Amino acid sequence: MKFIHTADLHLDSPFLGLKNNVLPNDLWEKVHQSTFDSFQRIIDGAIEQQVDFVLLAGDLFDREERSVAADAFLISQLNRLKDHGIEAFISFGNHDYSTADPDSFGYPDNTQVFGNQVETKKYTLSDGEVIAVSGFSFDKQWITQPMIQDYPQAIGDVTWNIGMLHGSLSSLNSPEANYAPFTLSELQEKGYDYWALGHIHKRQTLNDQKTINYSGNTQGRHINESGEKGYLLVQSDDKHLNTQFVSTAPIIWERVTMSLGDLSIDQLVESILEKVADLHYSKLHFIRIELSSETAVDTDLLTRISNGDLLADLQDINADKWQQLNCWITSVEAPRVKNLVYSSIDQEYFNQAKAETLTDDVFDQILKDFSKQPSFIKDEISSAESKQEIFDQASTILQENVASSDPEGDNPK
């Protein structure tokens, strides 16, 4: 048995943050096409590897109102699988939730779509092995009940039991509880041979046997979705399953760190571009420059960074050289204040103020401010990575304000 586990295609993602970067037109076209290109490479891989079936575990589309182009593209790729005798299993997630009759989608007859209640679909492979795939599709954006409880125990009269689940490994007190929460023990107690998970965009395995996996999304859309993206190729060896990651994303997000030293603003632009050139990217990269400094940073330079002037200077040059460098600089992060000297009493007050200010209650209040925003924005803001980044930046601003209140740094107010 050989199959592909993929999820979170987010076909036709709007990449809203990048639109504000004033990308060159030909580069923007590559960005807009990237989710489609990655999925096409997945189907290419399925055909080349001669897999038995493909699992698509939710969020195939970026939003419920899928575009005509995205829908037609998916159908065309499913037909490619059909032409090579490859079955496809689809469940919809929180972004592309649906209550429509699966027969109304017009998918080819090699495609099995899960309804809104947990169900099990059986499929016989060419060698006579029988698989049982259990799953469901979201019928609304948020599902707080633990749908895992509706999954049946492993069936004894089939060769392989597989679960598809778009949801979150989390406690019910987490923002992720909105997405069909489950625990690892609940998955393991079902006795399945493999769990194909979706929703979390970071590729990860949840057990030592590497049979309970998030495949991650197939194309990173911002800096918190950095690194290679693609699919998991799963193959049986006797009664064991081996999993291999295969990269398909045409664009890679990455952080690039460098020290300010004593560079002037003009020298800094040149130095950043030289560093990027020295990386010799073989694949298109979207990068964030993260600056660091062990000493106090010139106020004018910090202003140029914070108001976007430095980034604008870099992107003006980058617009002509992105093909040569094979990268686009999306943002520049100012160095965080280091080595501030406080008295022990002042440090104690600072730490106390930080602990009382940067709390979970404060973060929950921030999330409420995004209640009317599109779901992909709310999902990103509520992630653990975003929470840490928001708190880190708030702490840095607090430190900078304390430091600027006393230039000598020996008596912060």
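We number each residue from 1, following the sequence as shown. Keep in mind that this is a model prediction, so the values were computed, not measured.
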Let me confirm one number: the NE2-NE2 distance from His222 to His201, rounded to the nearest 0.5 Å. 7.5 Å

Which residues pass the side chain to side chain donor-acceptor pair (under 3.5 Å) test with His32, sequence neighbours left out? Asp12

Is the distance between the ring centroids of Phe105 and Phe92 under 6.0 Å? yes

Gap between atom CZ of Phe3 and atom CD1 of Ile86 - 0.5 Å precision: 13.5 Å

Are Trp322 and Ile329 side-chain neighbours, meaning at least one heavy-atom pair lies under 4.5 Å? no

Do you see a donor-acceptor pair shorter than 3.5 Å between the side chains of Asn94 and His166? yes

Atom OG in Ser91, atom CG in Leu55: separation rounded to 0.5 Å? 9.0 Å

So, for Ile162 and Phe53, which heavy atoms are closest and what is the spacing to 0.1 Å? CD1-CZ, 3.7 Å

Measure the spacing between CD1 of Ile252 and CD1 of Ile287 and express it to the nearest 0.5 Å. 13.0 Å

For Met147 and Ala180, work out which heavy atoms get closest and say how close. CG-CB, 4.2 Å

Are any non-hydrogen side-chain atoms of Leu9 and Phe73 less than 4.5 angstrom apart? no

For Ser215 and Thr6, does a side-chain donor sit closer than 3.5 Å to a side-chain acceptor? no

Tyr97 and Asn116: side-chain donor and acceptor closer than 3.5 Å? no

Hey, does Pro335 have a side-chain heavy atom less than 4.5 Å from the side chain of Ile305? yes

Considering only heavy atoms from C-beta outward, does the side chain of Ile90 approach that of Leu78 to under 4.5 Å? yes

Residues Glu228 and Ser247: side-chain donor-acceptor under 3.5 angstrom: yes

What distance do His95 atom NE2 and Arg66 atom CZ have between them, rounded to the nearest 0.5 Å? 13.0 Å

Of Lys202, Arg203, Lys229, His199, the one forming a side chain to side chain donor-acceptor pair (under 3.5 Å) with Asn217 is Lys229

Of all heavy-atom pairs between Asp237 and Asn242, which one has the smallest distance, and what is that distance? CB-ND2, 3.6 Å

Minimum-distance pair of heavy atoms, taken over all atoms of Tyr214 and Leu169: OH-N, 3.5 Å

Steps toward side-chain contact (heavy atoms from CB on, under 4.5 Å) verdict (Phe39, Leu56): CA-CA 11 Å; Phe39 183 50; Leu56 299 160; 3.8 Å; yes

Should Phe15 and Leu23 count as side-chain neighbours, where that means a heavy-atom distance under 4.5 Å? no

Which value, rounded to the nearest 0.5 Å, describes the distance between Asp127 atom CG and Thr159 atom OG1? 7.5 Å

Output every pair passing ring-ring contact (aromatic ring centres under 6.0 Å, His included) with a member in residues 236-257, not counting sequence neighbours, ordered by first then second residue. Trp253-Phe286

For a quick test of reading the model, state the closest non-hydrogen atom pair linking Asn318 to Trp328 and the distance between them. OD1-CA, 3.3 Å

Decide yes or no on side-chain contact (heavy atoms from CB on, under 4.5 Å) for Leu268 and Leu301, but give the supporting numbers first. CA-CA 10 Å; Leu268 181 56; Leu301 179 55; 4.0 Å; yes

Please determine, by modelled atom types, if Gln112 and Tyr123 share a side-chain donor-acceptor pair under 3.5 angstrom. no

Just wondering, do Leu314 and Leu273 contact through their side chains at under 4.5 Å, heavy atoms? yes

